[in-house]
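By convention in this document, chain letters (A, B, ...) are assigned in the order of the sequence lines, proteins followed by strands, and residues within each chain are numbered from 1. For clarity, every value in this text was computed on a predicted model and none was experimentally measured.
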Amino acid sequence: MDYKRYLITSALPYANGPVHIGHLAGVYVPSDIYVRYLRQKGKDVKFICGSDEHGVPITIKARKEGVSPQAIVDRYHELNKSSFERFGISFDIYSRTSNKVHHETAGDFFKDLYQKGEFVEQTSEQYYDKDAGQFLADRYIKGTCPHCNYEEAYGDQCEQCGTSLSPMELINPHSMLTGNNPVKKETTHWYLPLDQYEGHLRKWILEDHKEWKSNVYGQCKSWLDDGLKPRAVTRDLDWGVPVPVEGADGKVLYVWFDAPIGYISATKELTPDWEKYWKDEKTKLVHFIGKDNIVFHCIIFPSMLHRAGNYILPDNVPANEFLNLEGNKISTSRNWAVWLHEYLEEFPGKEDVLRYTLTANMPETKDNDFSWADFQARNNNELVAILGNFVNRALVLTHKYYNGEVPEPADYTEFDKETIEIYQQIRAKVEHALDHYRFREALREAMNLARLGNKYLADTEPWKVVKTDEARTRTIMYVSLQISAALSVLMEPFIPFSAQKLNEMVNAPGLTWQDIGNMDLLKPGHKINKAKLLFEKVDDVMVANQRQKLDDTKKQNEAENADVEPSKAEVKFEDFTKMDIRVGTILDAEKVKKTKKLLKMTVDTGIDQRTVVSGIAEYFTPEDVVGRQVSILVNLAPRKIRG
RNA sequence: GGCGAGAUAGCUCAGCAGGUUAGAGCGCAUGAUUCAUAAUCAUGAGGUCCCCGGUUCAAGUCCGGGUCUCGCUACCA
């Protein structure tokens with residue numbers, strides 16, 4: 001299909017924290033490369049993003065800090081917006097879901113579906129806090145987990161045993177707002193009957209979009225094969241887009257219903273022509289997301305669009321996997337991350353180094369790891385040594401031999417022709433990779449042009465030839481300069497800042513994507529500018545500093561974990577006297593298979609040897625604990641755990 | 001517990017309508033070179049293609065079972 005225009009969206013970052021390298025590698029860098037590529041080709045493209053500012057976690061953070069939810073989202077919206085901009089993520093608009101346009105758009109969207117009778121209304125019992133005068137979101141209820149008896153389990157999940165729960169399952173539930181025991185009360189919500197759209201979704205995804213990435217396709221298939229269920233699209237909460245229906249006071253749209261509509265409202269805010277981008281079959285819509293968002297962008301949002309009528313559906317949803325940091329999962333709450341705003345401060349002028357590293361190591365097919373050693377190596381061995389070096393050689397020699405003027409070439413030799421042929425094939429290779437959302441491959445192909453340049457210079461040796469054959473030298477330099485100029489366009493989607501610098505050096509502002517492969521980008525007689533270094537080395541000190549920073553985080557986390565708070569309810573002295581606590585030595589330990597947290601240990605208690613299972617495997621390896629002394633409650637009744 | 005995705009050289013990854021000695025980049029070793037930010041170029045070493053079975057003349061490549069990692073999801077499947 002020949003598309004007239006492109007609408008590219010990046011997942012809306014949740015405005016309860018700053019953006020980190022995981023977000024960048026997963027979503028913003030690939031989408032930005034794709035968009036810059038399309039713009040280079042002269043396509044009509046709109047690149048949409050914004051802050052996702054509703055939902056329960058933001059209200060919890062606000063409560064914790066004693067400020068309003070709006071204050072929280074204002075803080076992170078501004079921070080992330082400016083960070084993206086400084087990092088060269090070239091959104092056409094970076095909007096936000098707390099603004100007026102969005103509230104109207106999302107409200108209207110709901111109302112439209114409501115009036116069409118698309119929703120199923122259902123009344124159910126939920127916990128209500130009388131004193132606070134509101135229904136409690138799952139996250140606002142704590143209680144005892146029915147599976148592991150952990151007393152601080154949340155209404156939606158027990159952090160101790162990992163089970164996901166519903167608030168009704170909790171034993172002794174209490175409200176986090178007031179500490180009271182909530183009461184059950186009836187409430188009405190609207191459900192999107194996804195089950196009714198199954199047929200349409202099956203055909204659209206499973207038959208018409210077999211080209212989607214295997215992780216995306218596989219997960220959609222899994223959902224469809226399992227059978228879809230109606231999904232609530234409203235919540236009892238006072239932060240969000242109010243449900244525009246009479247009698248729905250105190251209810252807002254579920255954040256996952258309202259957030260993707262943010263793509264639409266942002267487009268509306270950007271251009272009065274927004275409908276062309278959302279409702280014309282000639283528009284290609286692509287959602288860039290992380291793998292945790294697949295179901296919302298492939299099942300739920302498309303269902304909403306489909307039932308609203310005359311909206312187009314995404315042509316592709318290239319979801320990336322996750323990026324780890326130095327071998328550990330990135331975690332906002334544990335501060336295990338490289339934050340974009342901090343990187344920008346600590347590595348001024350090195351935006352492209354991070355962009356390059358994240359692209360070269362993008363988690364396209366599986367989770368990948370970011371390490372500072374890799375960052376340094378990519379910079380020093382690739383950006384500096386291959387790309388920066390080649391360009392520098394070509395430009396410096398031109399200044400030396402021809403005073404900065406592009407020389408008139410003589411006839412090409414067979415070797416020149418071979419080199420030129422390879423050069424001319426590179427554009428198609430990069431395009432093919434980008435058209436299929438294979439960014440690592442595209443970058444590798446693009447870098448091959450710089451490699452080709454280095455090889456060409458090494459083989460032709462102009463610094464020797466110049467002493468004997470002036471005409472030949474002119475040709476060699478001419479070819480090298482064309483390649484340098486082509487690089488300034490070819491590299492732009494990946495490393496825009498450096499490409500711009502290079503473009504200024506070769507002094508050819510008007511070059512376009514279509515020029516790549518041509519041999520007349522810089523004409524004889526054209527003056528180039530002074531050669532400056534495109535990249536500089538990252539030294540060991542910089543790397544050591546970043547490692548130190550992470551080590552500090554690790555230590556701080558450990559210290560915080562060591563801060564034990566009384567986490568269980570008070571017990572009577574009589575209960576205490578019943579317990580026989582002794583010091584035992586761990587003789588042997590092994591991980592319990594198929595579990596994340598369980599460690600099985602043999603402990604010598606002094607009176608016997610017994611097998612004990614404890615949920616500490618995330619913090620200790622079996623080797624760590626063997627030989628250690630632990631206190632053990634020896635008269636605890638035996639229980640069967642996982643056989 | 002169910003489902004999905006991944007597991008290939010020290011590292012990051014390609015390969016797969018099944019077919020001769022399994023590829024690339026980086027790292028490493030050796031040599032060449034000096035225009036260039038000790039940058040480049042050439043050559044080479046290095047792999048039981050996660051494990052166990054099976055189909056086949058032939059299997060990283062297909063099928064069954066298992067292990068590990070990540071994600072989604074669940075008092076059912």
Using 30° and 60° as the class limits, which term best fits the ring planes of Trp372(A) and Phe375(A): parallel, tilted or perpendicular? perpendicular
Side chain of Asn392(A) - closest among rU37(B), rG71(B), rU12(B): rU37(B)
If we take the C1' atom in both rU55(B) and rU61(B), what is their distance in whole Å? 14 Å
Measure CG/Asp367(A) against P/rU12(B) and give the value in whole Å, please. 12 Å
Same-atom distance (C1') from rG23(B) to rC63(B), integer angstrom: 27 Å
Can you figure out which of rC70(B), rG4(B), rA36(B) approaches the side chain of Val396(A) most closely? rA36(B)
Any protein N or O atoms within reach of nucleotides 40-47 of chain B? Criterion: under 3.5 Å, listing atom names and distances.
| residue | atom | partner | partner atom | Å |
| --- | --- | --- | --- | --- |
| rU40(B) | O2' | Arg393(A) | NH1 | 3.1 |

If the test is side chain to side chain contact (heavy atoms under 4.5 Å, CB included), which one of Ile420(A), Thr419(A), Ile422(A) qualifies with Tyr456(A)? Thr419(A)
Checking side-chain polar atoms at under 3.5 Å, does Arg334(A) have a donor or acceptor matched by the opposite partner on Asn328(A)? no
Can you tell which of rC70(B), rA39(B), rG6(B) lies closest to the side chain of Phe322(A)? rC70(B)
For the pair Lys213(A) (side chain) and Glu364(A) (backbone), establish whether a donor and an acceptor sit closer than 3.5 Å, ignoring hydrogens and angles. yes
Quick one, Asp459(A) with Lys455(A), criterion salt bridge (Lys or Arg N to Asp or Glu O under 4.0 Å). Give me CA distance, side-chain angles, the key distance, then yes/no. CA-CA 6 Å; Asp459(A) 288 345; Lys455(A) 182 171 158 50; 3.0 Å; yes
Closest non-hydrogen atom pair between Trp204(A) and Cys298(A), with its separation: CZ3-O, 3.4 Å
According to the interplanar angle, ranging from 0 to 90°, do the rings of Phe296(A) and Trp256(A) count as parallel (below 30°), tilted (30 to 60°) or perpendicular (above 60°)? parallel
Is Val295(A) touching bases, backbone alone, or none of the nucleic acid, heavy atoms closer than 4.0 Å? nothing
Please classify the glycosidic conformation of rG6(B) as syn (within 90° of 0) or anti (everything else). anti
Using the P atom as the reference point in each nucleotide, state the distance between rA24(B) and rG47(B) in Å, no decimals. 15 Å
So which nucleotide from rU8(B), rC72(B), rC35(B) ends up closest to the side chain of Gln219(A)? rC72(B)
Could you tell me the separation between the CD1 atom of Ile330(A) and the P atom of rC70(B), rounded to a whole number of Å? 14 Å
Checking rC35(B), rU37(B), rC26(B) against the side chain of Glu382(A) (C-beta onward), the nearest is rC26(B)
Side chain of Trp463(A) (C-beta onward), nearest among rU33(B), rU8(B), rU37(B): rU33(B)
Integer angstrom distance from the C1' of rG46(B) to that of rU21(B): 15 Å
What is the distance, to the nearest angstrom, from the CG atom on Leu323(A) to the C1' atom on rG71(B)? 15 Å
Interatomic distance, Lys229(A) NZ vs rU73(B) C1' [rounded to whole Å]: 8 Å
Side chain of Ser214(A) (C-beta onward), nearest among rU37(B), rU33(B), rG6(B): rG6(B)
Within the structure, does a side-chain N or O atom of Ser222(A) lie under 4.0 Å from either OP1 or OP2 of rG2(B)? no
Judged by nearest nucleotide, the residue sitting upstream toward the 5' end of RNA chain B, Phe535(A) or Asn324(A), is Phe535(A)
Geometric cation-pi criterion, Lys291(A) with Phe322(A): 6.0 Å, 45°: yes
Determine the Euclidean distance between corresponding C1' atoms of rC51(B) and rG60(B); express it in Å to zero decimal places. 13 Å
Looking only at side-chain atoms of Lys537(A), point me to the closest of rA5(B), rA39(B), rU37(B). rA39(B)
Nearest-Å distance once atom P is located in both rC49(B) and rC62(B): 15 Å
Treating Gln482(A) as the side-chain partner and Leu522(A) as the backbone partner, does any N or O pair qualify as donor plus acceptor under 3.5 Å? yes
What orientation do Tyr34(A) and Tyr37(A) show, parallel under 30°, tilted 30 to 60°, or perpendicular over 60°? tilted
Taking the side chain as every heavy atom from C-beta outward, state whether Asn316(A) and Tyr437(A) have any pair of such atoms under 4.5 Å apart. yes
Considering only the P atoms, how many Å lie between rA17(B) and rG54(B), rounded to the nearest integer? 26 Å
Is the phosphate of rG71(B), meaning OP1 or OP2, less than 4.0 Å from a side-chain N or O of Lys329(A)? yes
d(CH2, Trp223(A); P, rA5(B)) in whole Å: 16 Å
Given that both pair distances must be under 3.5 Å and the pair must be Watson-Crick or G-U, what runs of three or more consecutive pairs involve RNA chain B? B:1-7 with B:67-73, B:10-13 with B:23-26, B:28-32 with B:40-44, B:50-54 with B:62-66
Scanning both residues in full, the closest heavy-atom pair of Tyr343(A) with Val338(A) reads CB-CG1, 4.4 Å
Check Gly22(A) against Leu323(A) and note the closest heavy-atom contact, atom names and distance. CA-CB, 4.1 Å
Using the P atom in both, what is the distance from rA36(B) to rU40(B), to the nearest Å? 14 Å
Would you tabulate the pairs of protein nitrogen or oxygen atoms and nucleotide nitrogen or oxygen atoms of nucleotides 14-18 of chain B closer than 3.5 angstrom?
| residue | atom | partner | partner atom | Å |
| --- | --- | --- | --- | --- |
| rA14(B) | OP1 | Thr365(A) | OG1 | 2.9 |
| rA14(B) | OP1 | Arg440(A) | NH2 | 2.9 |

Would you check if there is a donor-acceptor pair between the side chains of Ser498(A) and Asp352(A) at a distance under 3.5 Å? yes
